[in-house]
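Written out below as C-alpha cells is the structure these notes cover.
Protein chains get the first letters and strands the later ones, always in sequence-line order, with residue 1 at the start of each. What you see is a predicted model, and the numbers here were worked out from it, not measured in a lab.
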Protein chains: 2
Amino acid sequence: VSDPLVISVDAMGGDHGPSVIVPGVAEAAAAGGSGKVRFLLHGDGQAIEAALARAPAAREFCEVRHTPLVIPMDAKPGHAMRRGKGTSMWNAIESVQSGEASAALSAGNTGALMAISRLLLRMVGGLERPALVANWPTAAGVTSVLDAGANVVCDADRLVEFAIMGAAYHRAVHGVPRPTVGVLNVGTEHDKGHDEVRGADRMLREQQFELAYHGFVEGDDIAKGTVDVVVTDGFTGNIALKTAEGLARFFRAELRRTLTGDPLARTGALIASGALRKMSARLDPSAVNGGPFLGLMGVVVKSHGGADARGVANAVRLAATLAAGGFVAEIAAHLGGRSGASGRSDTERSVA
Amino acid sequence: VSDPLVISVDAMGGDHGPSVIVPGVAEAAAAGGSGKVRFLLHGDGQAIEAALARAPAAREFCEVRHTPLVIPMDAKPGHAMRRGKGTSMWNAIESVQSGEASAALSAGNTGALMAISRLLLRMVGGLERPALVANWPTAAGVTSVLDAGANVVCDADRLVEFAIMGAAYHRAVHGVPRPTVGVLNVGTEHDKGHDEVRGADRMLREQQFELAYHGFVEGDDIAKGTVDVVVTDGFTGNIALKTAEGLARFFRAELRRTLTGDPLARTGALIASGALRKMSARLDPSAVNGGPFLGLMGVVVKSHGGADARGVANAVRLAATLAAGGFVAEIAAHLGGRSGASGRSDTERSVA
C-alpha cells in the first residue's frame with residue numbers, strides 16, 4: 001500500500017462517464033485539500049483529459065491511465081470476467097491488486113465489478129462472494145443495509161457473515177464502537193420467518209461477536225433507524241432498496257407537482273424555499289452514494305450509475321476512509337474469530 | 001348468500017376497537033346510502049352500543065352480536081385456531097361460513113384471521129394458504145401487490161397462483177379487463193433471480209392465463225405503476241411493504257418539520273396549504289386500506305390495525321365490492337382452468 005493514499009478510478013462507468021466522474025474526483029480532491037490523496041483515472045485518455053481541462057485544480061492529483069476498452073453496462077458478469085482484461089474497470093481493480101492503489105471506485109456494471117473484484121482481489125477467509133452495502137438515510141442518521149443485491153440466495157452462515165462485516169464497516173465509517181445489528185424479518189418474535197433468518201438469529205444470540213445484536217427488525221425499522229446495521233439476503237435487500245428509491249422519487253415528484261400546481265402554491269413554496277432547499281439537501285441521495293463490497297481482500301466501492309458529481313465525491317471520500325482505516329484487516333480478523341469461536345464452542349459442547 | 005348484502009364485522013380488532021370500527025362502518029353505510037348493505041357487528045355488546053350511540057344514523061343498518069371473547073393482537077395463529085371459537089373474529093367469519101353474511105372484515109391479528117378463515121371457509125381448489133393483497137398507491141393509480149406476508153416461503157407454482165388470483169382481484173376491484181402482471185425480481189432479464197421466480201416467469205410466459213404477463217419487474221416499478229399486479233413471496237412482499245410504510249412516515253415527518261421549522265416556512269406553508277392538503281389526501285394511506293385474503297371460499301378483508309374510521313370505511317367498501325362481484329367463483333374458475341390447462345399440456349407433450 002502506497003503513501004500518500006492512492007485511489008484507482010474507473011472513469012468510464014455510470015450513466016455519464018468522465019463528464020461526471022472526473023468533476024466528482026475533483027470535488028473530493030478539493031475538499032480533501034493538501035494533496036493527501038492521489039488518483040489514477042482509468043479510461044479513454046482523450047475524454048478524461050477533456051474533463052480534466054474543465055477542472056484544472058484537480059490536474060495535479062490525477063494520473064491518466066489510458067485504455068480504449070470499456071465494459072458495457074449490460075454485460076453479463078461471467079462474460080465481463082472472462083473478456084474484461086484491459087478495460088477501464090479491470091485496470092482500476094488491477095491497480096489495487098498490484099498494491100499501486102489502496103482502493104478502487106467504479107460507477108459501472110455492478111455484477112461485472114463484483115465478479116472482477118472477486119477474481120483479482122480474492123475473498124477474505126472462506127467467504128464465497130462479497131456483500132454490497134447500501135447506506136440508508138434515516139431519522140437517526142445512516143443505517144448500513146446489506147446485502148443490497150450481490151447474493152441472491154443466502155443461508156444462515158452467510159447472514160451471520162453479513163452481520164460481522166456490516167458491523168466492522170459501520171464502525172470504520174461512522175465511528176460507532178459496537179454497532180447494533182438486526183436481521184430483517186416479517187416479525188420480531190424468534191419463531192417468525194424462514195429457516196435462514198431463524199438460524200442466523202440463533203447464532204447471533206448464542207455467540208459473542210464484536211457487535212450488539214438487537215434481534216429481528218421489520219421493514220419499517222430501516223427508516224426509523226432502529227439499528228445501525230440491517231442484515232438481509234441480496235434478493236430482499238435489493239428489492240427493499242429499489243422499492244424505497246422508487247417511493248422517494250414518487251414523493252419528490254408529488255411534492256414538486258404540489259408546489260408548482262397553482263399560483264398560491266408557487267408563492268408559498270417561494271417563501272418557504274429556504275427550508276425546502278435544506279430538506280432537499282438533507283434527503284439528497286448523493287449524500288449517501290457509494291456502496292462498498294465487503295469481504296474482498298481490498299477496498300472496492302460502487303458508485304450509483306446515476307450519481308452526480310457530488311455523489312461521486314462522496315463515494316470517493318468513503319473509499320478513502322475505508323482504505324485509510326485498515327478495514328480489510330479488521331474484517332479478516334473478525335471473520336477468523338468467528339470460525340475459531342464456533343469451532344471452540346462445538347468442542348466445548350461435545351466435551352460437556 | 002343473503003339479499004341485501006350482509007357484511008360481518010369483527011368490531012373488536014385493531015388498535016382502537018369499536019371506537020374506530022363502528023364509525024368506519026357508519027361512514028361506509030352513509031356513503032352507500034339506501035340501506036343496501038347491512039352489518040353484523042360481533043363483539044362486546046356494551047362497547048359497540050356505546051359507539052353506535054355516537055353514530056345514530058348507522059343504527060338501522062347494524063345488528064349487534066354480543067360476545068365477551070376476543071383474540072389478543074399477539075396471539076399465535078395456531079392457538080387462535082384451536083381456542084378462538086366464540087371470539088368476535090371467529091364469529092365474524094362463521095357468519096360467512098353459515099351463509100348469513102357475504103363478507104367478513106377484521107382489523108385484528110393477521111395470522112389468526114388467516115388461520116381461522118382457512119379453517120372455517122376452506123381454500124379454493126388445491127390451494128394451501130390464502131394470499132394477502134396490499135393496495136399500493138402509485139403514479140399511475142393503484143397497484144395490487146401480493147403476497148403481503150401470509151406465505152413466507154413460496155415455490156414457482158405458488159407465485160403463478162398469486163398471478164392468477166391477483167389479476168382476478170384487480171379486475172374485480174378496478175374494472176381492468178386484462179390486468180398486467182409482473183413478478184418482482186432483482187433484474188428484468190430471464191436469468192436473473194432465484195429458481196422460484198425464474199420458474200414462475202417461465203410458466204407465465206409459456207401458458208395462457210386471463211392476464212397480460214409483463215415479465216419481471218424491479219422494486220422501483222411498484223411506485224412507477226409499471227404493472228397492475230406485482231407478484232412476490234410473502235417474505236419479500238411484507239418487507240417491501242413495511243419498508244415503504246416506514247419511508248412514507250419518514251417523509252411526512254421531514255416535510256412537517258420543514259414546514260413548521262421557522263416563521264418563513266410556516267408562512268409559505270400557510271399560503272400553499274390548499275395544495276398541501278390535497279397532496280396529503282392523495283397520499284393518505286387510509287384511501288387504500290383493506291387487504292383481502294385471496295384463495296378462500298369466501299370474502300375476508302383485513303383492515304390495517306392502525307387505520308382510522310375513513311380507512312375502515314374504505315375496507316368495508318372493498319369487502320362489499322368483492323362480495324357483490326362473484327369474485328370467489330371467478331378465482332375458482334381461473335385456478336381450475338390452470339390445473340386443466342397444465343394437465344392437458346402434459347398429456348399433449350407425452351403424446352407428441
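Looking at B:Asp74, neither its backbone nor its side chain comes within 4.5 Å of chain A, counting heavy atoms on both sides. In this structure, chain A has heavy atoms under 4.5 Å from both the backbone and the side chain of B:Val186. Contact annotation for B:Ala248: both backbone and side-chain heavy atoms come within less than 4.5 Å of a heavy atom of chain A. Contact of B:Phe251 with chain A is made through the side chain alone, with heavy-atom distances under 4.5 Å. Looking at B:Asp221, neither its backbone nor its side chain comes within 4.5 Å of chain A, counting heavy atoms on both sides. Contact of B:Lys278 with chain A is not made at all, since no heavy-atom distance falls under 4.5 Å. If you measure heavy-atom distances from A:Lys76 to chain B, the contacts under 4.5 Å come from the side chain alone. For chain B, no part of A:Asp195 is nearby; none of its heavy atoms comes within less than 4.5 Å. Interface remark: A:Ile222 contributes side-chain atoms only to the contact with chain B (heavy atom separation under 4.5 Å).
The most heavy-atom pairs under 4.5 Å with chain A, out of B:Arg266, B:Glu245, B:Arg257, B:Lys224, come from B:Arg257. Your options are A:Gly268, A:Ala275, A:Ala253, and the one with the most heavy-atom pairs under 4.5 Å with chain B is A:Gly268. The choice from A:Leu264, A:Asp233, A:Val153 that makes the most heavy-atom pairs within less than 4.5 Å of chain B is A:Leu264. Interface check for chain A: of the options B:Thr258, B:Thr267, B:Val152, the most heavy-atom pairs under 4.5 Å are formed by B:Thr258. Ranking A:Leu241, A:Leu270, A:Leu255 against chain B, the residue ahead of the rest is A:Leu255, based on heavy-atom pairs under 4.5 Å. Put simply, of B:Thr138, B:Asp262, B:Leu259, the one with the most heavy-atom pairs under 4.5 Å next to chain A is B:Thr138.
In B:His304, the NE2 atom is not crowded: 12 or fewer heavy atoms of neighbouring residues, nucleotides or ligands sit closer than 6.0 Å. Environment of CZ in B:Arg83: sparse, with no more than 12 heavy atoms of neighbouring residues, nucleotides or ligands closer than 6.0 Å.
A heavy-atom distance below 4.5 Å is found between the side chains of A:Trp136 and B:Thr243.
If you take CG on A:Leu247 and CG on B:Leu247, they are separated by 5.0 Å, rounding to the nearest 0.5 Å. Atom-to-atom distance recorded for B:Ile239:CD1 and A:Phe235:CZ is 11.0 Å, nearest 0.5 angstrom. Distance check, rounded to the nearest 0.5 Å: CD of B:Glu254 to OG of A:Ser280 gives 11.0 Å.
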